[in-house]
Amino acid sequence: MAMLASARVHSLETPWQGQISHGNHQYLTDKPEAFGGQDRGPAPYDFLLAGLISCTMISLRMYASHKDLELGEFQVEADFFANREGQEWIERRLSFQNPLDETLRQKILEICQKTPVTKTLLRSLEIRTTLL
């Protein structure tokens, strides 16, 4: 068993706000004003999407480096959706400054489905909670 990541959040006095820390990195989390927060930091689903798109970008750059490909600059975006029937899904979009041939386009789509965070989100994940 290997621990892949660790994080901590400390609740702040302001409702909905917390101070998140990962090693040397610290930042605020909050809810948008429309949900009673002050929008001083990303909300939980923002972090979920950030993890997905950063993993996508890193995986594609690693693949390009390994295959000695020049992808150039590119952008990855994602939106999280939910409907009244309880369905949830993420729509991810990639755009490249350099033109890509059809073979490379298909390979990029394959890689996107195999990134570590994508694979985690696509399967059931057990969350074990303990009160300390």
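Given the structure is predicted, the values throughout are model-derived calculations rather than measurements. FYI, the numbering just counts along the sequence from 1.
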Check: Taking only residues two or more places apart in sequence, or in another chain, which ones meet K107 in a salt bridge (Lys or Arg N to Asp or Glu O under 4.0 Å)?
Finding: E110
Next item on the list: Heavy atoms only: give me the nearest T56-C112 pair and the separation to one decimal.
Entry: CG2-SG, 3.8 Å
Note to self: Looking at every heavy atom in both N98 and G72, which two are closest together, and how far apart are they?
What the structure shows: ND2-CA, 3.4 Å
Is any side-chain heavy atom of [X] less than 4.5 Å from a side-chain heavy atom of [Y]?
X	Y	value
Y63	K114	no
L52	T118	yes
D30	T14	no

Notebook entry, point to check: What do you reckon, is OH of Y45 surrounded by more than 12 foreign heavy atoms closer than 6.0 Å?
Noted result: no
Joint hydrophobic cluster, [X] plus [Y], side-chain heavy atoms closer than 4.5 Å:
X	Y	value
F47	F80	no
V117	I53	no
L69	M62	yes

Checklist line | side chain to side chain donor-acceptor pair (under 3.5 Å): pairs with one or both residues in residues 66-80, sequence neighbours excluded | finding: Q75-E77, E77-R93, D79-R93
Which pairs would a plain distance check flag for residues 19-27, meaning a side-chain donor or acceptor within less than 3.5 Å of a matching protein atom at least two apart in sequence or in another chain?
{"residue": "H22", "atom": "ND1", "partner": "S6", "partner atom": "O", "Å": "3.0"}
{"residue": "H22", "atom": "NE2", "partner": "Y27", "partner atom": "OH", "Å": "2.5"}

Note to self: Tell me if a side-chain donor or acceptor on S11 pairs with a main-chain N or O of G18 at a distance below 3.5 Å.
What the structure shows: no
Check: Looking only at atom types and distance, does a side-chain atom of S65 sit under 3.5 Å from a main-chain N or O of R61, one as donor and one as acceptor?
Finding: no
Under the side chain to side chain donor-acceptor pair (under 3.5 Å) test, which residues partner [X], sequence neighbours left out?
X	value
E102	Q106
E85	N83
Q113	R92

I need the [X] [atom1] to [Y] [atom2] distance, nearest 0.5 Å.
X	Y	atom1	atom2	result
L94	L100	CG	CG	9.5 Å
L104	L109	CG	CG	10.0 Å
M57	L71	CE	CG	12.0 Å

Checklist line | Partner set under ring-ring contact (aromatic ring centres under 6.0 Å, His included) for F81, not counting sequence neighbours | finding: W89
Margin query: Tell me every residue that passes ring-ring contact (aromatic ring centres under 6.0 Å, His included) with F74, counting only those two or more places apart in sequence or in another chain.
Written below: F96
Checklist line | L28: hydrophobic cluster co-members (side-chain, 4.5 Å) | finding: L12
Notebook entry, point to check: By the rule that ILVMFWY residues connect when side-chain heavy atoms come within less than 4.5 angstrom, directly or transitively, which residues belong alongside W16?
Noted result: none
Checklist line | Residue pairs involving residues 31-53 (criterion salt bridge (Lys or Arg N to Asp or Glu O under 4.0 Å); sequence neighbours excluded) | finding: none
Item checked: Results of side chain to side chain contact (heavy atoms under 4.5 Å, CB included) for P32 - residues two or more places apart only -> F35, A43
